[in-house]
Amino acid sequence: MEFKPIQILYALLSLFIVFNYGMLLQGFVRKIGARVGRRYGIRFYQPYIDLIKNYTKRSTITHGIMYYLGPVFRLTGGIGLIMFTPLIFGSDIFGNFSFSGDVILILYFMFFGTLGMALGAAEGGHPYSAIGVTRGLAQTTAFELPLALAILSIAIQYQTLSVSEIVAAQQGGIMNWTLFTNPVATAAAMLAFLGSMMRSPFDVVLAPQEVPIGPPTEYHSSLLGILQTNRAIFPAAKLVLFMNLFFGGATSWWELVIKTFFIYMWSVFVGVVYPRYRVDQSIRWFLRIPLILGILAILLM
Amino acid sequence: MSKSDLDKRTVLSPEGEEIEIDPLKDYFADARPKVHRPASKVIERIANWARSESLWILGFGTGCGAIETRPLMTPKFDAYRYGIQWRATPRQASVFVISGYLSVKTLKRVIRSYEQMQNPKYVVALGSCTINGGMYWDSYNTINRLDYYLPVDVYIAGCMPRPEALLAGFQRLKKIIKEGRGEGANEYAEKFDWYKANQKKVVTDWDMPDYNW
């Protein structure tokens with residue numbers, strides 16, 4: 001694919017849209033959660049206010065260079081993921097920098113943020129950060145296995161390593177989606193997806209009420225602001241990626257919003273129903289059913 | 001850990017070298033707090049609006065009043081709709097609710113937690129005990145007036161004040177922040193020596209540096 005300078009502007013535009021979509025999704029889901037609990041709940045734009053507040057805090061303290069770089073790496077992971085994922089199939093503007101072989105790069109970006117955060121949080125020196133990050137890395141490693149196998153399986157299925165081509169292969173009706181053409185890989189990936197969304201039963205990393213509050217314990221002010229920005233971008237980017245890989249991609253914004261919303265609700269519903277796993281339980285769980293499904297997906301190809 | 005562990009001493013490293021360690025310097029940073037002047041008027045207005053609408057409370061109950069902050073999370077009072085949330089770490093919190101009587105032992109922890117919070121930060125004092133000692137006014141181990149030790153933004157009187165009173169207090173705090181009068185952190189930095197002298201008068205086993213970060 002030829003590179004044109006205007007693509008940078010287009011990429012920034014899609015970043016802006018994805019960021020706002022992520023923020024609104026956060027706000028609305030918390031609002032829905034509150035309404036289910038018979039509360040009025042936060043205002044749906046509360047995440048924006050929190051973000052402005054954190055960026056306008058006046059003082060910051062430092063623990064060293066890696067402490068600064070941790071959030072930067074994390075945000076790089078989120079932005080990198082969105083830069084190489086086509087948002088709208090067939091659109092020049094929202095196709096982003098998708099190229100042949102970007103699936104491998106995307107898998108790398110999904111792990112990148114956690115690694116950066118591990119270095120940063122370790123330098124923060126707080127024991128809760130260290131506990132949170134070790135749990136996070138262990139769990140990430142565990143769910144990356146079935147995810148990588150599932151993605152390899154569909155790469156074999158479509159004979160390509162490009163997200164755009166995978167989406168293109170799924171066009172022309174609902175029965176062409178990977179969900180129906182390769183259900184085993186989809187199942188493995190959607191179970192791995194639960195682990196990556198930081199929701200119950202796999203939220204032992206942040207473990208609210210237990211080790212408050214995991215890796216970001218020492219992060220504050222604008223550094224926390226960067227992490228919050230990423231918490232909007234990264235899940236939204238992952239939703240778009242999963243939609244592209246397994247649910248036929250999107251040809252319009254409406255399709256994108258509806259599909260990603262339902263993919264997100266999958267993790268929300270599971271989170272509401274199941275209580276939190278300990279980290280050893282969650283790793284064992286990932287290494288059983290999702291991993292077996294992942295291996296099956298490869299063998300069946 | 002006893003107080004003598006914090007003394008400066010020389011130890012032998014695994015390689016047999018003699019190294020000097022000073023735990024007070026290693027575990028804490030002791031730079032004095034700085035006054036952070038507000039930015040330009042327009043920016044400060046937007047920032048103050050955001051600060052007032054996003055009050056993150058430090059989850060630290062100092063006395064019996066802590067029991068009154070819990071119902072605020074429940075459907076009946078639901079403080080979340082006013083932008084009030086609870087944070088587990090002082091680094092991210094912006095409001096410190098001193099909930100009721102404050103024993104000297106707790107005061108030490110309160111000072112440390114308060115100093116770890118980032119500027120701007122606000123203190124809400126809950127109950128009569130923080131105003132004049134309340135029913136503990138002649139107790140041997142509680143302080144009587146909180147504003148000798150920390151700059152207080154809002155007092156909520158009562159013993160105990162109901163959760164509604166707390167909500168009203170938070171609305172009051174919001175008004176103060178929006179008017180640009182929530183400068184407790186800067187006040188603390190300006191009158192640092194006075195506050196420190198008062199704190200050291202009651203905390204007799206002072207085993208930390210003067211300022212923790």
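Every chain is numbered from 1, with letters handed out A, B, ... down the list of sequences. Since this is a predicted model, take the numbers as computed values, not measurements.
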**Study point:** Options A:Lys31, A:Gln46, A:Arg38, ranked by heavy-atom pairs under 4.5 Å with chain B, top entry
**Key:** A:Gln46
Check your understanding: So which of A:Ile52, A:Leu224, A:Thr60 has the largest heavy-atom pair count under 4.5 angstrom toward chain B?
Key -> A:Leu224
Point to revise | Residues of residues 47-79 of chain B within contact distance of chain A, non-hydrogen under 4.5 Å | key: B:Ala47, B:Trp49, B:Ala50, B:Arg51, B:Glu53, B:Ser54, B:Trp56, B:Met73, B:Thr74, B:Pro75, B:Asp78
Point to revise | Parallel, tilted or perpendicular, as decided by the 30° and 60° cut-offs, for the rings of A:Tyr48 and A:Phe19 | key: perpendicular
Exercise for review: For the residue pair A:Phe112 and A:Phe109, categorise the inter-ring angle as parallel (less than 30°), tilted (30 to 60°) or perpendicular (more than 60°).
Suggested key: perpendicular
Exercise for review: Could you tell me if the ring centre of A:Tyr277 sits under 6.0 Å from that of A:Phe202?
Suggested key: yes
Practice item. Heavy atoms only, distances under 4.5 angstrom: which of B:Pro90, B:Ser94, B:Ala39 has the most pairs with chain A? Name it, please. Key: B:Ser94
Exercise for review: Please look at B:Ala185 and chain A and tell me whether the side chain, the backbone, both or neither of the residue comes under 4.5 angstrom of a heavy atom of that chain.
Suggested key: neither
Check your understanding: Under a 4.5 Å heavy-atom cut-off, does chain A meet the side chain of B:Arg37, its backbone, both or neither?
Key -> backbone
Point to revise | Proximity breakdown for A:Ile49 and chain B, heavy-atom pairs closer than 4.5 Å | key: both
Point to revise | Sidechain N-carboxylate O distance under 4.0 Å for B:Asp205, B:Lys105 | key: no
Check your understanding: Relative to B:Phe192, does B:Lys34 satisfy both conditions: NZ or CZ under 6.0 angstrom from the six-membered ring centre, and within 45 degrees of the ring's axis?
Key -> no
Practice item. Cation-pi check, B:Lys121 to B:Tyr114: give yes when NZ or CZ is under 6.0 Å from the six-membered ring centre and within 45° of the ring axis, no otherwise. Key: yes
Point to revise | side-chain contact (heavy atoms from CB on, under 4.5 Å) between A:Asn230 and A:Ile226, intermediate numbers included | key: CA-CA 6 Å; A:Asn230 182 60; A:Ile226 297 177; 5.8 Å; no
Exercise for review: Could you tell me which residues satisfy side chain to side chain donor-acceptor pair (under 3.5 Å) with B:Arg81, sequence neighbours excluded, listed by chain and number?
Suggested key: none
